[in-house]
Structure formats: structure tokens, C-alpha cells
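See structure below.
In the text below, chain A, chain B and the rest are named by the order of the sequence lines, each starting its count at 1.
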Amino acid sequence: MRRLYEGAIGLLLFLCATLSIFTTIGIIGVLIFETVEFFKEVSIIDFLTDTQWTPLFVEKHFGILPLLTGTFLVSTIAMAVALPLGLLSAIYLSEYAPGRVRDVVKPLLEILAGIPTVVYGYFALLFVTPLLKSFIPGMAGFNALSPGIVMGIMILPMVSSLSEDAMYAVPRELKEGAYALGATRLKVITSVVIPGALSGIISAFILAVSRAVGETMIVTIASGQQPRLTLNPLVPIETITAYIVQVSLGDTPAGTIEYKTIFAAGMTLFIFTLILNLVSYWMRERFREEYR
Amino acid sequence: MRDLKERVFVALSLAATLAGILFLSILIIDVVMDGASRLSWDFLTSFPSRRPGKAGILSPLVGSAWIMILTALFSFPVGVGAGIYLEEYAGKNRFTWLIEVNIANLAGVPSIIYGLLGLGLFVRALALERSVLSGALTLTLLVLPIIIMSTREALRTVPFSIREASYALGATRWQTIIRQVLPAALPGILTGTILAMSRAVGETAPLITIGALTYIAFLPTWPITFTGSFPFVEFSLQGLFDPFTVLPIQIFNWVSRPQKGFYTNAAAAIIVLLIFTILLNSLAIYLRYRYQKRMRW
């Protein structure tokens with residue numbers, strides 16, 4: 001009886017764990033099902049090569065490229081902000097900061113990371129964009145630059161904290177060895193800590209890119225919902241995520257081509273982030289092996 | 001010269017660290033300046049309206065509460081259960097490895113993809129429509145990886161000797177877990193769960209994708225009503241199937257309108273949302289801090 005009870009609990013816990021597998025199967029299943037429906041109506045070659053994305057217009061074009069360049073543009077700007085700032089602050093927190101400063105700064109960064117993205121969107125549209133416009137007169141009210149910068153600040157705590165973890169894991173003996181050879185602190189950081197933590201840092205960066213690519217509300221609010229094949233950060237664009245929101249806001253019945261496009265766009269997004277996440281996971285595991 | 005280089009570098013890295021905090025301060029000051037004047041009891045207890053001066057956040061506030069409570073009810077037992085299985089039961093084999101990689105990957109899937117899953121699975125296939133239940137189930141799947149990972153981490157900090165002592169006294173595996181291991185790991189698990197709830201309360205994109213409404217002037221059916229006759233109380237699950245909106249969606253709706261008056265409303269609603277999420281986050285950070293200090297086995 002007791003064994004039966006124990007066994008039943010074990011089974012129940014096992015089912016909880018396998019739910020995650022079913023979630024993945026569910027995501028892939030739903031995306032594939034609707035995407036296949038989508039490609040029955042639109043040729044995959046048009047999807048990949050057409051330079052216009054106008055499924056909501058009378059004259060429909062289904063080229064994913066404008067959405068991809070929009071996504072790519074905003075993410076690049078975000079990484080240009082988050083990468084240097086995140087890495088520098090990780091170095092400061094792990095190598096220079098006194099314990100007290102760490103105790104204050106780290107929780108504040110966590111709060112920064114916990115702010116809902118819709119709040120960042122408000123800030124990008126109504127604070128950062130007007131501010132930038134006073135420097136760059138030709139900039140449009142909706143653009144890629146402002147949400148890119150704000151998104152960079154949003155993912156900064158993540159880059160900083162993951163890189164710091166990686167630096168912290170570099171064995172003390174290695175650093176002490178370098179100091180014993182007469183290296184300065186800066187030299188130890190550039191020649192021992194960063195190379196030693198490199199795969200962990202790269203893993204953090206890749207994860208941050210994946211986060212930027214999938215970010216939705218900041219770009220939906222501040223970048224203008226106009227799919228456009230451009231790398232100009234000053235004009236309105238649209239990302240994959242913003243497009244999905246745009247369609248979801250309207251009343252789009254299941255089965256219509258507009259409805260299917262959000263799944264095809266979602267599939268594209270999912271494939272990109274999946275690759276990024278797996279590479280990041282692989283690098284993190286490798287990093288763990290190194291210092292076992 | 002060498003010293004100068006070093007000093008410049010320290011100053012630079014300090015500046016980078018402060019940049020985030022500076023940004024956080026500006027953001028909060030900006031929002032408070034924009035919205036504080038609009039905050040009032042009326043704002044909290046009125047329904048959204050076409051006229052900015054009359055609009056309030058009652059229905060999004062109640063919707064957010066519904067969604068958060070349901071998400072917590074669904075995700076806590078399942079997430080903790082999965083964490084216990086992976087940490088205490090699972091053998092080191094391929095299947096366990098698969099689950100682990102899978103959870104790590106799910107944690108990185110963009111939230112809007114969960115919205116598409118919810119739309120395809122809960123709204124359409126299971127025909128739950130654009131209801132509170134669809135929203136809560138979607139967010140449950142979204143936050144599960146966070147709860148599972150923090151449960152595992154918390155369980156790992158409980159030393160093995162505790163388990164062995166319990167086994168030595170004749171306790172079964174489950175008794176050991178429920179009476180010894182789980183209580184010791186509880187603060188860590190709660191920290192993760194609170195962070196997950198803070199995430200759920202701030203999520204916008206997946207709920208828009210499953211079709212939560214952007215304008216709604218009624219509340220989901222209250223689960224308990226008191227009546228005049230025996231048994232004096234009626235329970236109803238109808239609320240689960242009612243349409244809803246949440247605070248972040250209301251904010252988004254107001255931000256995307258052209259009239260200035262709605263921007264003020266958005267700022268005021270953001271203050272309410274921020275108070276809530278910052279409180280939750282601070283509570284989680286405090287719990288973890290206390291716990292790390294106290295627990296020295």
C-alpha cells in the first residue's frame with residue numbers, strides 16, 4: 001500500500017516534468033500546422049525573396065525580408081548598447097566594486113530587469129524619441145533607433161549578471177598566478193579573466209540577442225508598424241513581433257490568410273531564437289566543463 | 001602612465017554600471033511626473049472610457065488579479081513537482097537530459113510565441129475562447145520554466161546529509177522530501193515563484209495574441225456571491241470563461257492613441273503597475289538575501 005502510494009507520487013511528479021516536453025511539442029505543432037496551411041497559399045520562394053510585406057493590403061505581398069531587417073536593425077542597436085555597457089559593468093562588479101556597492105547595485109539592476117516591457121515602450125515613445133529628435137532633426141516620430149536604445153538598456157542587467165557569473169567562475173589561482181608575475185589589475189582582467197570567461201560571456205551575449213529578437217512591446221509601441229526594407233534607423237519599421245501584435249489587435253478570423261501569416265512569421269522567429277538558445281546553452285555547458 | 005590607464009578604465013566601468021541605474025531613475029521620475037496628478041481613488045475604481053478625464057483602470061486591475069491568482073494556482077504545484085522530479089527522482093539518463101535542455105530552451109522562447117501557442121491550443125483547439133482561463137493557462141506555460149529552475153536550485157542547496165538522516169530514521173522518499181527537504185528549500189522556491197508572478201503580471205504580448213480585449217467595461221463574474229436563502233453562498237466558475245483585459249494591455253491601448261490625455265492615463269496606470277511589480281521583485285530579492293545569510297548548514 002505504502003509502495004503504491006510512493007509509486008503514484010513518483011508518477012505524478014514525472015508527469016509534471018514531462019509537461020515541459022508537451023509544451024515544446026505544442027508550440028512546434030501549432031506553428032507547423034498553420035505554417036503548412038500558409039504555404040499552401042503562398043510560395044516559399046516569394047516568402048523568402050519578395051521585398052514587400054503587405055498581407056493586410058488589397059495588393060498582397062508576403063516577403064518576410066522587411067520584417068527580418070526590421071528585427072535585425074533594432075536588435076543590432078540594442079546589442080550595441082547592451083554589449084559594451086553590460087561587459088564593463090560586469091567587470092566593475094566582479095573585479096573592482098567593494099562588497100557594499102555590489103549589495104546595492106545588484107538588486108537595483110534586478111529591478112531594472114523586472115520592469116514590464118510596456119513601460120519601456122512608453123518611455124521610448126514619449127521620452128527618448130523626443131529627446132533624440134532634438135539632436136537629430138530629420139528623425140521620424142516612429143523609428144528603430146529609440147526602441148533599440150531602450151531595449152539595450154532593458155537587456156543590460158541580463159548581459160551584466162550572466163557575464164559576471166562567468167567571470168566569477170574563473171578560478172582564483174589563475175588570477176593570483178598572474179598577479180604574482182607582476183601583472184596590473186587591468187592586465188589580469190584583459191589577459192586572464194576575460195579570456196577565461198569568454199565562452200560564458202559569449203553565451204550571455206547570444207542569449208541577449210535572442211531576447212532582443214523576441215522582444216515585442218517596445219518595438220510595437222515605438223517603431224511604427226511599417227514593414228520596410230531598410231537599414232536606416234531613423235524611419236518607421238516593423239519587426240516580426242510587432243507584426244504579430246498588429247494582426248492580433250484586429251479582428252482576424254481563424255482560417256484567413258492574415259491569420260495564417262502570424263504563425264508563419266512566428267515560425268520564423270521561433271527558428272531564429274531556437275538556434276540562438278541552443279548555441280548559448282551549448283557554450284554554457286562547455287564553459288562549465290572547463291573548470292570542473 | 002600605467003596607473004592612468006587603469007584609472008580611466010575603472011571610471012569607465014563604473015560609469016557603465018551607473019548608466020543602468022541612472023536610466024532607471026529617469027524612467028521612474030518621468031513616469032511619476034507625467035502621471036501622478038491623474039492618480040486618484042476614482043481612477044482606480046472607474047471603468048475605461050472614451051473620455052480620458054473620466055477613464056479608470058477598474059477592469060484591467062481586476063483582470064490582472066484574476067490572471068495572476070489563477071496563474072499562481074496552476075504553475076506553482078506543477079512547477080515545484082517538476083523541479084522535485086528532476087532533482088530528487090530522475091536518474092541520469094538521456095530522457096532527463098532531454099527534459100533539461102528542453103526547459104532551458106523554453107525559458108528563452110519569446111513570450112509572443114507562447115501567445116501563438118495559446119491562440120492555437122487553448123483559444124481554438126480546446127475552444128476556451130478569449131477567456132480568463134485561456135490567458136492564465138498561456139501564462140502558466142510561460143512562467144513554468146522559471147519556477148522549475150528556481151525549485152531545482154533551491155533543492156540543490158539542501159545538503160545530502162539531511163536526506164540521509166531522514167532515511168536512517170526509516171522515512172520513505174516522499175516523507176523525506178515533504179517533511180525535510182521541501183521546508184528547507186521553501187524560501188528559495190518562493191523567491192522564484194514571486195519573480196515568476198511579477199513576470200506574469202507585466203506580460204502584454206502573449207495576452208494580446210490570444211485576443212484579450214483592449215477595451216472592456218465589465219468585470220469577470222465574481223466566484224463567490226452571498227444570497228439571502230440557504231446555503232447563503234453561491235460559487236461560480238463562470239468568471240473563468242469571461243473575456244478580460246489586464247493592466248499592461250490597458251497601458252498599451254492608451255499609449256497607442258493620439259490624444260495627449262490618454263498619455264497621462266497611461267503614465268498613471270504605469271505607476272500602479274510599477275508599484276506592484278517593484279514590490280514583488282523587492283520581496284523576492286529580500287527573501288533570497290535573508291535566506292542566503294541565514295542558511296549555513
Side-chain angles (χ1 to χ4, degrees), chain A residues 6 9-10 12-14 16-17 19-21 23-24 26-27 30-31 34 85 88-89 91-93 96 105 107-112 114-116 118-119 121-123 125-127 153 156-157 184-186 207 210 214 216-217 221 241 244-245 248-249 254 263 266 269-270 273-274 277-278 281, chain B residues 2 5-6 9-10 12-14 16-17 19-21 23-24 27 30 78 81-82 84-86 89 99 101-106 108-113 116-117 120-121 124 141 144-145 172-174 198 202 204-205 208-209 211 214 248 251-252 255-256 263 266 270 273-274 277-278 281 285:
Chain A
E6 287 277 320
I9 283 175
L12 204 65
L13 297 173
F14 174 74
C16 290
L19 182 67
S20 74
I21 302 267
T23 308
T24 304
I27 290 174
V30 166
L31 289 179
E34 297 287 352
L85 288 182
L88 278 173
S89 83
I91 291 172
Y92 180 76
L93 288 173
Y96 290 108
V105 170
L108 283 175
L109 284 179
E110 275 188 74
I111 288 178
L112 191 65
I115 290 178
V118 70
V119 178
Y122 171 93
F123 196 66
L125 180 69
L126 298 176
F127 186 90
I153 299 284
L156 169 79
T184 61
R185 226 166 179 181
L186 183 59
L207 212 57
S210 157
T216 309
M217 293 321 290
I221 292 172
T241 51
I244 297 174
V245 170
S248 305
L249 283 171
F263 289 91
L269 176 68
F270 180 72
T273 53
L274 180 71
N277 292 340
L278 288 178
Y281 181 81
Chain B
R2 238 165 115 180
K5 219 165 121 191
E6 175 108 27
F9 184 73
V10 177
L12 217 62
S13 55
L14 178 62
T17 311
I21 292 163
F23 189 92
L24 179 69
L27 188 151
D30 177 53
V78 177
I84 292 175
Y85 175 80
L86 289 171
Y89 284 77
I99 295 182
V101 178
N102 183 47
I103 290 172
N105 179 57
L106 280 178
V109 170
S111 61
I112 196 156
I113 300 285
L116 290 176
L117 169 67
L121 184 64
R124 305 279 176 211
L141 296 182
L144 264 181
T172 64
R173 194 179 216 173
W174 179 242
S198 147
T204 322
I208 292 180
T209 312
T214 49
I251 294 168
F252 169 62
V255 171
S256 28
Y263 290 164
I270 285 175
L273 181 66
L274 275 186
T277 50
I278 290 179
N281 280 327
I285 294 167

So which residue, [options], ends up with the most heavy-atom pairs under 4.5 Å with chain A?
{"options": "T204(B), I278(B), L116(B)", "answer": "L116(B)"}
{"options": "N281(B), I251(B), T277(B), N105(B)", "answer": "N105(B)"}
{"options": "L86(B), T172(B), I103(B)", "answer": "T172(B)"}
{"options": "G108(B), G202(B), G120(B)", "answer": "G108(B)"}
{"options": "L12(B), V10(B), I84(B), L14(B)", "answer": "L14(B)"}
{"options": "I270(B), T209(B), V78(B), L27(B)", "answer": "L27(B)"}

Which atoms of [X] come close to chain B, meaning under 4.5 Å heavy atom to heavy atom: side chain ones, backbone ones, both, or neither?
{"X": "L126(A)", "value": "side chain"}
{"X": "Y96(A)", "value": "side chain"}
{"X": "L207(A)", "value": "neither"}
{"X": "F270(A)", "value": "both"}
{"X": "T216(A)", "value": "side chain"}
{"X": "L274(A)", "value": "both"}
{"X": "L156(A)", "value": "side chain"}

Nearest 0.5 Å please: distance from the [atom1] atom of [X] over to the [atom2] atom of [Y].
{"X": "L117(B)", "Y": "I27(A)", "atom1": "CG", "atom2": "CD1", "answer": "5.5 Å"}
{"X": "L106(B)", "Y": "T24(A)", "atom1": "CG", "atom2": "OG1", "answer": "3.5 Å"}
{"X": "F9(B)", "Y": "T184(A)", "atom1": "CZ", "atom2": "OG1", "answer": "10.5 Å"}
{"X": "L24(B)", "Y": "L112(A)", "atom1": "CG", "atom2": "CG", "answer": "5.0 Å"}
{"X": "W174(B)", "Y": "L13(A)", "atom1": "CH2", "atom2": "CG", "answer": "5.5 Å"}
{"X": "S198(B)", "Y": "I111(A)", "atom1": "OG", "atom2": "CD1", "answer": "10.0 Å"}

Can you check whether Y263(B) and Y122(A) have ring centres sitting under 6.0 Å from each other? no

Select one option (side chain, backbone, both, neither) describing which atoms of R173(B) are under 4.5 Å from chain A's heavy atoms.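 The answer is both parts of R173(B).
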
Side chain, backbone, both or neither: which part of L273(B) has an atom under 4.5 Å from a heavy atom of chain A? side chain

Report the C-alpha distance between V109(B) and T273(A) in whole Å, list the side-chain angles of each, state the deciding distance to 0.1 Å, and finish with yes or no for side chain to side chain contact (heavy atoms under 4.5 Å, CB included). CA-CA 7 Å; V109(B) 170; T273(A) 53; 5.6 Å; no

Can you confirm whether T23(A) sits close enough to P145(B) that some side-chain heavy atom of one is under 4.5 Å from a side-chain heavy atom of the other?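 Of all side-chain heavy-atom pairs linking P145(B) with T23(A), none is under 4.5 Å.
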
